[in-house]
Amino acid sequence: MRGLLHLASLFYCLATTLAAVVDTGVSASSATSHSHMDILMKGAKPLQPDAYLCTSYEVNEEELYVVKFEALANADTAHHILMYGCQDGPYSKDDIWGCPPICRGGPQQIMFAWAKNAPPTQLPDGVGFRIGRRTTIKTIVMQIHYAKSFSVDESPDNSGIRLHTTTERQPNVAGIFLMMSYSFAVPPNSPKYHVDMSCQYNKQNSMYPFAYRTHSHGLGSVITGYQYNRTGYHMIGKGNPQWPQAFYPSNASIEVKPGDKLVARCTYNSTGMNHIVHVGATGNDEMCNFYIMFYTDASVQNPAGECGGVQLQNLVDNMPADSDVTLPPNPLLDERAHGHGHHHHSSMTHTQYVAAGSPTAPGSSAAPTVSAEPLEGKLVFTGAWPSNEIRIGQVGGVATDKEGNVYIFHRGERIWDASSFDFDNNFQLTNNPIMNDTVIIFSRDGKFIRQFGSGKYFMPHGIEVDDNGNIWLTDVALHQVFRIPRDGTEPDLTLGERFVHKEDAAHFCKPTDVAVLKSGEFYVSDGYCHSRILKFSKEGNLLKQWGRGNPYARPTGMEPSPGVFAIPHSVTVAEDLNLVCVADRENGRIQCFDLDGNFQYVIKYAEFGPRLFALEFCPRHGGLLFAVNGPSYDAMKTATVQGFTISLGTRTPQLLEIWNVPHQGLQNPHDVAVDVAGHSVYVGELSPTAVWKFQREGGSPAITTTTATTKTVTTAKKSTVTQIADKKDNIAPSGGEQGNNDVEKDDTRKEALANELSKDGIVVEEEEETSDFTPSIIIGVLLVIPVVLLLVITLVMRVHHKGWNTCFSGMRTPKVFNMQSFLGNSHKGFDKLSQEDSDHDADVLSDSDNEEFKKPIKSKA
């Protein structure tokens, strides 16, 4: 307790002086050698809160040393400010851009961080951040996380940081070592929830911590960091992240040597919260960061480092027992942090609406409506499609052409997981293309036509077929878009640079989908990083672009503004209605624009839930939109995963029906396609790896929809109850070697599925026997007996000669018997994969995506 009171007294002294002056026993640098450099935002006016905006400044001097940081900002406007040093220039040449990304390339390092009205930070005498044209920091990029939106009448923002500099060469250079956790979720009503970080320090030179900073959002109660060596745990610092997030003095006696360990713990108190809080970039998410400001020998060119997640579990398991004990109250620090617009957690309620304004009133909204008159005939699940059997991997996209042929763009044996991309969206397996054919084409009735794409693609995503039969593909690993001519296999148009992503007219970053007009002009949704829609001429020249985003935003009681995307995951054109519509995935909504990108309206229903993955337009029945949602990452915001039919032909879009796979339901749908002439809808899933077909049949009973008031009945043949994901054999291309197209029937599984389907009101009919099979069975048995006897004799002889008969005698290690050594490989398709959807970068990632997140996402704040 005495130690805690000592720490509280230290914080009190810092607050009363309102300056974080770090003392190493030597007086501060003389002011006579100082000048200053103001790094200011260049007139930003974010239209929504939680925007992340960057600006950059070149350092014109050959070599300068920053010895003091002073914020020219307040917490009413800026939730926090981060300052980075770039060696190869800023990511964008614009005055202001949405970020991350920060630097163009090469090493980047954090120089400073500010939040909650923290006071200035003075470095020790003889220590400075080295910047200038002869150093590794030639450009300074400042990122501001805005706590508010700006109205039209407000003045633009010019918040920033003043750098106090000197030309006097310092004997030691300063740097930041960042410890962070980028994958966690705080459960509701937990008084102490731990999020930990640990790693080994592997730099060549020792670092000497002289200050530390803690950062979390509204639930953080205490954050503690330690050095660990052979003498045990040594506290670097312990802070309350709800106090001004300045750099406070650390234990001056610590030297972190190469090979030492570092460990930190964030403790959260979610008492009174009734929902899960995820890691993320907005004020309603959480973060866990422990910054160590240190100095090292001036010979070190890039004094920076970072540590993510738990790399040393034993170190975490044995942390000091008081690591999660909060500091005593400090009224002065509380008042300073909370008195100027402290960003609290809000209740995270979800505004549910259907914005369905006419083109003359964009953005207007209407109450959710469901059509009282369903379409003629219902959408019926067709379990027997395709008629040929073939293995597929995760389905990136599915499309149809004018003849009703079905195109599947899948990932073969590749799985998108957390190791596929680094934190800057660079693919990590650039020398390993997918060796399976990734494009497979079936006829409308399920007959195999052709396949191609082996060795050419790395992470398939979107596919589209235009009116001329051209196949359009997007690959999120390559950051490219391809057009392949009808009946071809090689692209005649490629947009984007291979494995290179930038936010300009010539590049993409994980593009997700393509939609093509009859004129040949086309749209690209781009995508997981950039949150924009681009329109190109048929020759591939950029005509215009629109969209911006807070890619990790979650609902905070109000909907994001029109044109704000959190992973534009799918795009479709309703050319007859002069509309292009976008699946705004992590915002759980559909945004529609005119063909020139002017906003028209938003479609959002409670049934969508928090994530809306894909959509496709059908011009029949006055204009229909088919869409699929996806599973939620938040247990408090669950929604049934299902498909939707929406009418666009009326002034106000109407939800006409909801459809699903009987019994098991859709699980991880990723794309949807429509066969206009065949009245069919196809859904591609990531897991299970499957493509499902739904057929519209006039007057036929179907699955339950939103308009149904009585239990419906669906009939199915017993031979069709097995799923496409369970089919086992491969097929040969037409004209090639004949493959085994006989479906392996599993009667036990079919019987079980039939029983389950019957529980859902689906009548499973026994197939009629058309002939008496008794003579065939007798003849078959007589023919099989000699073969069985011959096989048994062969086995006995091999066992005898190989010595396998000694496996029970203890004289020899038993060998494994493999039937494939006799019969060859009995399985030629893809192995069945247990896969998860990592399309969130958070991207979650979940970009929020997070697609799919959003994949989950690394945030520094």
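Fair warning: this is a prediction, and the values are worked out from it, not measured in the lab.
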**OP:** Would you please indicate yes or no on a ring centroid separation below 6.0 angstrom for Y457 and F482?
**Re:** yes

**OP:** Using atom types as modelled and distance alone, determine if a side-chain donor or acceptor of N668 lies under 3.5 Å from a backbone N or O of P688.
**Re:** no

Subject >> Value rounded to 0.5 Å, distance of OH in Y605 from CD1 in I658 >> reply: 10.0 Å

Original post:
Would you call E490 and R483 a salt bridge, taking side-chain N to carboxylate O under 4.0 Å as the test?
Top reply: no

Subject >> Test of ring centre spacing under 6.0 Å for W659 and F644 >> reply: no

Subject >> Between E503 and W97: side-chain donor-acceptor atoms closer than 3.5 Å >> reply: no

**OP:** Measure the spacing between NZ of K456 and CG of D437 and express it to the nearest 0.5 Å.
**Re:** 9.0 Å

Subject >> side chain to side chain donor-acceptor pair (under 3.5 Å) between Y407 and D401, worked out >> reply: CA-CA 8 Å; Y407 297 68; D401 62 19; 2.7 Å; yes

**OP:** Show your working on side chain to side chain donor-acceptor pair (under 3.5 Å) between T689 and Q394 and close with a plain yes or no.
**Re:** CA-CA 5 Å; T689 56; Q394 289 184 330; over 6 Å; no

Original post:
Taking the six-membered ring for Trp, are W546 and F593 ring centroids under 6.0 Å apart?
Top reply: yes

Subject >> Check: Q654/S647 side-chain N/O donor and acceptor closer than 3.5 Å >> reply: no

Original post:
When the ring planes of W472 and F522 are compared, do they come out parallel, tilted or perpendicular, using 30° and 60° as the limits?
Top reply: tilted

Original post:
Within the side chain of K510, is there an N or O that forms a donor-acceptor pair under 3.5 Å with the backbone of D526?
Top reply: no

Subject >> Euclidean distance, R696 CZ relative to T645 OG1, rounded to 0.5 Å >> reply: 5.5 Å

Original post:
Got a donor-acceptor contact below 3.5 angstrom from the R411 side chain to the W416 backbone?
Top reply: no

Original post:
Between S537 and E521, is a side chain to side chain donor-acceptor pair (under 3.5 Å) present by the stated rule, with each step listed?
Top reply: CA-CA 5 Å; S537 70; E521 295 177 338; over 6 Å; no

Original post:
Quick check: does any side chain N or O of T572 sit under 3.5 Å from a backbone N or O of L615, one acting as donor and the other as acceptor?
Top reply: no

Subject >> side chain to side chain contact (heavy atoms under 4.5 Å, CB included) evaluation trace for V580 with K535 >> reply: CA-CA 11 Å; V580 54; K535 183 179 182 180; over 6 Å; no

Original post:
Nearest 0.5 Å, what's the OG-CZ distance between S443 and F448?
Top reply: 11.0 Å

Subject >> Sidechain N-carboxylate O distance under 4.0 Å for D88, R104 >> reply: no

Original post:
Is there a donor-acceptor pair under 3.5 Å between the side chain of S531 and the backbone N or O of V564?
Top reply: no

Original post:
Short question: side chain of D513, backbone of V571 - any donor-acceptor pair under 3.5 Å?
Top reply: yes

Original post:
So, S420 side chain and A418 main chain: donor-acceptor pair closer than 3.5 Å or not?
Top reply: no

Subject >> Pair R589-D584, salt bridge (Lys or Arg N to Asp or Glu O under 4.0 Å): steps then yes or no >> reply: CA-CA 5 Å; R589 63 183 184 173; D584 187 3; 2.8 Å; yes

Original post:
D596 and K544: salt bridge (Lys or Arg N to Asp or Glu O under 4.0 Å), yes or no, with the steps?
Top reply: CA-CA 8 Å; D596 290 323; K544 61 182 59 183; 3.8 Å; yes

Original post:
Knowing that exactly one of H530, H507, H479 qualifies, which makes a ring pair (Phe, Tyr, Trp, His ring centres under 6.0 Å) with H501?
Top reply: H479

**OP:** Establish, from distance only, whether the side-chain atoms of Q695 and T382 form a donor-acceptor pair under 3.5 Å.
**Re:** no

**OP:** Check step by step if side chain to side chain donor-acceptor pair (under 3.5 Å) holds for Q480 and D475.
**Re:** CA-CA 6 Å; Q480 287 180 303; D475 189 311; over 6 Å; no

Original post:
Could you state the interatomic distance from CZ (R532) to OG (S525), rounded to the nearest 0.5 Å?
Top reply: 11.0 Å

Subject >> Expected output: side-chain D422 to main-chain D424 donor-acceptor under 3.5 Å >> reply: yes

Subject >> From D675 atom CG to E403 atom CD, the distance as rounded to the nearest 0.5 Å >> reply: 10.0 Å

Original post:
Taking the six-membered ring for Trp, is the centroid-to-centroid distance between H461 and H670 below 6.0 Å?
Top reply: yes

Original post:
Donor-acceptor pair, S149 side chain versus P46 backbone, under 3.5 Å?
Top reply: no

**OP:** Identify the heavy atoms of S92 and D94 that sit nearest to each other, and give their distance.
**Re:** OG-N, 3.1 Å

Original post:
What is the minimum heavy-atom distance between A566 and N587, and which atoms define it?
Top reply: N-ND2, 3.5 Å

**OP:** Determine, step by step, whether L579 and V573 satisfy the side chain to side chain contact (heavy atoms under 4.5 Å, CB included) criterion, reporting the C-alpha distance in whole Å, the side-chain angles of both residues, the deciding distance to 0.1 Å, and the verdict.
**Re:** CA-CA 6 Å; L579 291 175; V573 289; over 6 Å; no

Original post:
Step by step, would you call F694 with V661 a side chain to side chain contact (heavy atoms under 4.5 Å, CB included)?
Top reply: CA-CA 9 Å; F694 298 83; V661 174; 3.8 Å; yes

Subject >> Which atom of G684 lies closest to which atom of V395, heavy atoms considered >> reply: CA-CG1, 3.7 Å

**OP:** Let me see the working for I102 and C54 under side chain to side chain contact (heavy atoms under 4.5 Å, CB included), right down to the final yes or no.
**Re:** CA-CA 8 Å; I102 305 295; C54 280; 3.7 Å; yes

**OP:** Check the surroundings of atom NZ in K45: do more than 12 heavy atoms from other residues, nucleotides or ligands lie under 6.0 Å from it?
**Re:** yes

Original post:
Is it true that a side-chain atom of T400 and a backbone atom of G404 form a donor plus acceptor pair closer than 3.5 Å?
Top reply: no

